[in-house]
Amino acid sequence: MNGSKETYNADIVVFGAGPAGLAAAWQAGMSGKRVCLIEVQDRIGGVMGSCPGMMLGAGYPTGQSVGGFFEEFVQRMYKHIPPVAERRTCSLENFGDEVVYKHEYADLILYEMLKEAHVEIFLNTITSQVNVNSDKIVSVEVVMINKTMEIKSGIYIDCTGNGEIAYRAGVKSQKGNEEGLMMGASLTFFMEQVDCEKVFSNSEAPYFEAYAEEGIKKQQLHQSIPQIYMLPAYKKNTVFVNTVTVTGIDGTDSQSILEGTIIAKKRVLELAEFLIQNVPGFENSWLSTIGQAVGIRETRKLEGMYTITYDDIFNGVKFEDGIVACDNPLDEVFRDEKTTHYSHEAALSSGYYTIPVRALIPKKIKNLLFAGRCISVDSKAFASVRGMPQCMLMGQSVALVANMALQEKIPVQKVDVKNVSLKMKELGVWGI
């Protein structure tokens, strides 16, 4: 690679190809803009890639689909011949319906959607520098396997999860909760050729505490596994296991992710062997499809024009600039070894709340937007808003903000946020 640097020009550039970034890039491309999608990993999907087959929960608040990009995506899986996804009732308390799917097909469908929207995708691409002048990003420098590029765009959308672009541009943020503790990171896997009828006839399903207690007592399982959480996967005779969670991982530190992944993989292998040897129904099964790295739930929460609070959620506030509905419980995954449990406390007594688009717009940087788990929200409310369907519609909404800002030649902070909500309704989004 020589020392030359290419210049790439776009109307809208999206960083991060997780649920939020995929929806943002697709919507921006469908609006006729020149769009590029930049991803640091070698695959798209975000947590859908790091935790293959992770159920799409929270997409049906009070039984209704949130609509928009989420509905477009899942309908394509439902209508595939043969179908590669289905809607199921979640077995967890306070959760609504969820979507289970074949992750190999989901990836292909997402690539097809991006192709239809004429989105140019750059994988294995690391951001090296964000150049800001007068509260405006003037360019972003990236490093690829075979070259370096300086990207110049009208609008920059940060869907990195960590809020990396916004953080480098000077947007204020908070990492973790008030004590700086972040939710645990999990490594998921599948077990094949399982007698699911035998496994899930157990009254403890989907949390198997007695087996976990036995495994810890025998020193076959790590003490961080107080229950074995597993569900029937979409594929027949296959079980999805979302049990191994490691605390103390900083998702903004690649070395910390590596160390956590190594620990998690060791615990996955121990758990798989334990299931085969000790749990009826797993006698003839085998381990398959371990995630490539731990799935990160929480790092930075950026400061936006509005910060969603727990009170907003508890009171079921429906904002005039709402862009997606949610009734997800407080899905609080343990932050330290002392609190090794999952809490699914109901976030509100009934109904649902909406997420305002102002929580995705920074206070100062004129041509920057963000979406996904880096949303502007307090730490308690974060445990509810972070569902993948909600992240998808966050991404879709900021693509609309970007389009309006470009058309009107105004800073993103000046866009009429009520119009964003109206446009989302036109695109089939429910409940806003």
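Note that the structure is a prediction, hence the values are computed from the model and not measured.
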Heavy-atom side-chain proximity of Ile12 to Leu406 below 4.5 angstrom: yes

Gap separating the CG atom of Asn237 from the CD atom of Glu197, nearest 0.5 angstrom: 10.5 Å

Side chain proximity check, Lys414 to Glu408, heavy atoms < 4.5 angstrom: no

Pair Ser50, Arg43: side-chain N/O donor-acceptor within cut-off below 3.5 Å: no

Carboxylate-amine/guanidinium proximity below 4.0 Å for Asp97 and Arg87: yes

Within-4.5 Å side-chain heavy-atom neighbours: Glu98 and Leu231: yes

Met55 side chain near Cys90 side chain, heavy-atom distance below 4.5 Å: no

Flag, side chain of Asp250 to backbone of Ser256, donor-acceptor distance under 3.5 Å: no

Side chain to side chain contact (heavy atoms under 4.5 Å, CB included) assessment of Gln407 paired with Lys33: CA-CA 11 Å; Gln407 287 181 340; Lys33 295 293 184 287; 4.3 Å; yes

Pair Ser384-Tyr353, side-chain donor/acceptor within less than 3.5 Å: yes

Asn131 and its side-chain contact (heavy atoms from CB on, under 4.5 Å) partner, picked from Glu150, Arg168, Lys136, Lys152: Glu150

Point-to-point distance, once rounded to the nearest 0.5 Å, from CG of Leu302 to OG1 of Thr307: 10.0 Å

Parallel, tilted or perpendicular: ring planes of Phe73 versus Phe69, cut at 30 and 60 degrees: parallel

Other residues, nucleotides, ligands: >12 heavy atoms within 6.0 Å of Phe95 CZ: yes

Straight-line distance of Trp430 CH2 to Thr62 OG1, nearest 0.5 Å: 3.5 Å

Test log, rule side chain to side chain contact (heavy atoms under 4.5 Å, CB included), inputs Met388 and Phe70: CA-CA 9 Å; Met388 283 192 279; Phe70 166 77; over 6 Å; no

Atom pair CD/CG of Gln27 and Leu22 - distance to nearest 0.5 Å: 13.5 Å

Under 3.5 Å: donor-acceptor pair, side chain of Gln390, backbone of Ala325: yes

Check: Glu120/Tyr8 side-chain N/O donor and acceptor closer than 3.5 Å: yes

Modelled atom types, side-chain donor and acceptor of Asp158 and Thr160, under 3.5 Å: yes

Side-chain touch Tyr111/Ile121, heavy atoms, less than 4.5 angstrom: yes

Heavy atoms of other groups near Tyr105 OH, more than 12 under 6.0 Å: no

Flag side-chain contact, heavy atom, 4.5 Å: Phe370 against Ile165: no

Under 3.5 Å side-chain donor-acceptor pair for Arg267 and Thr243: no

Euclidean distance, Asn242 CG relative to Met230 CE, rounded to 0.5 Å: 12.0 Å

Audit row: Lys235, Glu192, salt bridge (Lys or Arg N to Asp or Glu O under 4.0 Å) steps and yes/no: CA-CA 9 Å; Lys235 186 178 177 182; Glu192 305 279 351; 3.6 Å; yes

Plane angle bin for Phe190 and His103 - parallel if under 30°, tilted between 30 and 60°, otherwise perpendicular: parallel

Main-chain N/O of Gly322 paired to Ser421 side chain as donor or acceptor, under 3.5 Å: yes

Lys265 charged N/C atom sitting above Phe189 aromatic ring, 6.0 Å / 45°: no

Pro83: which of Tyr101, Tyr78, Tyr234 passes side-chain contact (heavy atoms from CB on, under 4.5 Å): Tyr234

From Ile109 atom CD1 to Gln75 atom CD, the distance as rounded to the nearest 0.5 Å: 11.0 Å

Parallel, tilted or perpendicular: rings of Tyr306 and Phe319 (30°, 60°): perpendicular

Heavy-atom check, side chain of Val100 versus side chain of Glu86, under 4.5 Å: yes

Check: Glu164 and Val40 side chains under 4.5 Å, non-hydrogen atoms: no

Worked check of salt bridge (Lys or Arg N to Asp or Glu O under 4.0 Å) between Arg76 and Glu112: CA-CA 11 Å; Arg76 292 187 186 215; Glu112 289 173 346; 5.4 Å; no

